[in-house]
Chemist: 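Sharing a structure below in structure tokens format, with a few things to ask.
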Amino acid sequence: DARVTQTPRHKVTEMGQEVTMRCQPILGHNTVFWYRQTMMQGLELLAYFRNRAPLDDSGMPKDRFSAEMPDATLATLKIQPSEPRDSAVYFCASGLRLAGGNNEQFFGPGTRLTVL
Amino acid sequence: KNEVEQSPQNLTAQEGEFITINCSYSVGISALHWLQQHPGGGIVSLFMLSSGKKKHGRLIATINIQEKHSSLHITASHPRDSAVYICAVRSRETSGSRLTFGEGTQLTVNP
């Protein structure tokens, strides 16, 4: 049963601390997305990768957020230093993008982050 | 004006009713997605459309590219259909796979 996994599922931390969220995409998928969901803004794209290369991270605050794919089975989203306004649910999604085609995205369960 | 607008924002129905959720968008698109977010927070992709109509069980999604409009229909609704339904589009103007999301429609189906 292939699915996207995310860890941790819940994280409570204090302002100023570093937060690292991890995502394991579905095996064989070549595109990975990081989304943030808040009550105020809804779902927003933070960054996405294709074949481990970052294609678009324009939605991400560059001064404190960073996203990487150290290998094809792991994507990370790091916040340093964290702030209360970063409190949100962070979703990872993966898909298989073929040349000239659209791809369906499969979402992970999300990481609920609370920054005190 | 948002690029993607959904209506209604909230919808309450009785079990068995036929439900329609609408999505309008203002940009040229290459694909439109319907997503379902359960009360527990998990997100499931229901449909990806670029034209016409798709059906899966009691769910039907249609899209009219000329009118920039899509609808999600649920036949014989059931309390387990209670969820937030989100429309998202991939714009032709932006490259790659970026999705722009609507604000979602909260559906409650009462027994």
Side-chain angles (χ1 to χ4, degrees), chain A residues 1-6 8-10 23 25-26 29-51 53-60 88-114, chain B residues 1-7 9-10 21 23 25 27-52 54 56 59 61 63 65 70 72 83-106:
Chain A
D1 183 23
R3 62 183 69 186
V4 177
T5 58
Q6 289 186 247
R9 294 292 308 276
H10 301 270
C23 167
I26 292 173
H29 281 187
N30 61 358
T31 313
V32 173
F33 307 82
W34 282 107
Y35 295 100
R36 176 172 61 185
Q37 186 177 39
T38 61
M39 289 293 292
M40 294 297 293
Q41 301 291 334
L43 271 165
E44 305 171 279
L45 177 70
L46 296 175
Y48 82 92
F49 295 77
R50 180 161 309 134
N51 298 320
L55 286 195
D56 185 348
D57 61 2
S58 58
M60 209 163 64
V89 180
Y90 291 80
F91 288 99
C92 175
S94 73
L96 178 61
R97 173 71 183 247
L98 303 175
N102 292 307
N103 62 278
E104 188 173 358
Q105 297 184 20
F106 297 82
F107 285 77
T111 293
R112 183 174 295 276
L113 173 66
T114 303
Chain B
K1 189 179 191 298
N2 293 334
E3 284 186 356
V4 183
E5 294 201 337
Q6 289 184 234
S7 63
Q9 284 188 318
N10 293 284
I21 298 170
C23 175
Y25 51 91
V27 296
I29 67 169
S30 59
L32 181 143
H33 296 246
W34 281 103
L35 308 172
Q36 179 191 53
Q37 186 165 30
H38 298 287
I43 297 177
V44 173
S45 176
L46 298 176
F47 294 104
M48 182 177 65
L49 292 167
S50 54
S51 65
K54 285 191 176 179
H56 184 245
L59 301 177
I63 188 167
I65 297 294
S70 174
L72 176 68
V84 176
Y85 292 84
I86 302 168
C87 171
V89 302
R90 181 179 307 123
S91 165
R92 277 216 183 88
E93 278 83 41
T94 57
S95 62
S97 301
R98 167 184 280 273
L99 290 182
T100 303
F101 296 88
E103 293 185 352
T105 294
Q106 172 72 61

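Remember, predicted model here, so these are calculated numbers, not experimental data. Quick note on labels: first sequence line is chain A, next is B, and so on, each numbered from 1.
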Chemist: Just to verify, what does A:R112 make a side chain to side chain contact (heavy atoms under 4.5 Å, CB included) with, not counting sequence neighbours?
Modeler: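 Side chain to side chain contact (heavy atoms under 4.5 Å, CB included) list for A:R112, sorted by chain: A:H10, A:V89.
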
Chemist: For chain A, which residues from residues 34-44 of chain B have at least one heavy atom closer than 4.5 Å to it?
Modeler: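 Residues in range: B:L35, B:Q37, B:G41, B:I43.
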
Chemist: Check each atom of A:Q37 against the heavy atoms of chain B and say whether the ones under 4.5 Å are side chain, backbone, both or neither.
Modeler: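 Contact with chain B involves the side chain of A:Q37 alone.
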
Chemist: Does the side chain of B:L99 reach to within under 4.5 Å of the side chain of A:L45, using non-hydrogen atoms?
Modeler: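 Not in contact.
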
Chemist: Mind checking side-chain hydrogen bond (donor to acceptor under 3.5 Å, both in side chains) for A:Q6 and listing every partner two or more places apart, or none if nothing turns up?
Modeler: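 With neighbours one apart ignored, the set is empty.
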
Chemist: State whether the number of non-hydrogen atoms from other residues, nucleotides or ligands found under 6.0 Å of B:E103 atom CD is greater than 12.
Modeler: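 Result for CD/B:E103: open.
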
Chemist: Provide the closest heavy-atom pair for A:E104 versus B:S45 in the form atom of the first, atom of the second, distance.
Modeler: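 So the minimum-distance heavy-atom pair works out to OE2-OG, 3.1 Å.
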
Chemist: With sequence neighbours excluded, give me every salt bridge (Lys or Arg N to Asp or Glu O under 4.0 Å) pair touching residues 35-48 of chain A.
Modeler: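 Salt bridge (Lys or Arg N to Asp or Glu O under 4.0 Å) check on residues 35-48 of chain A returns A:R36-A:E44.
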
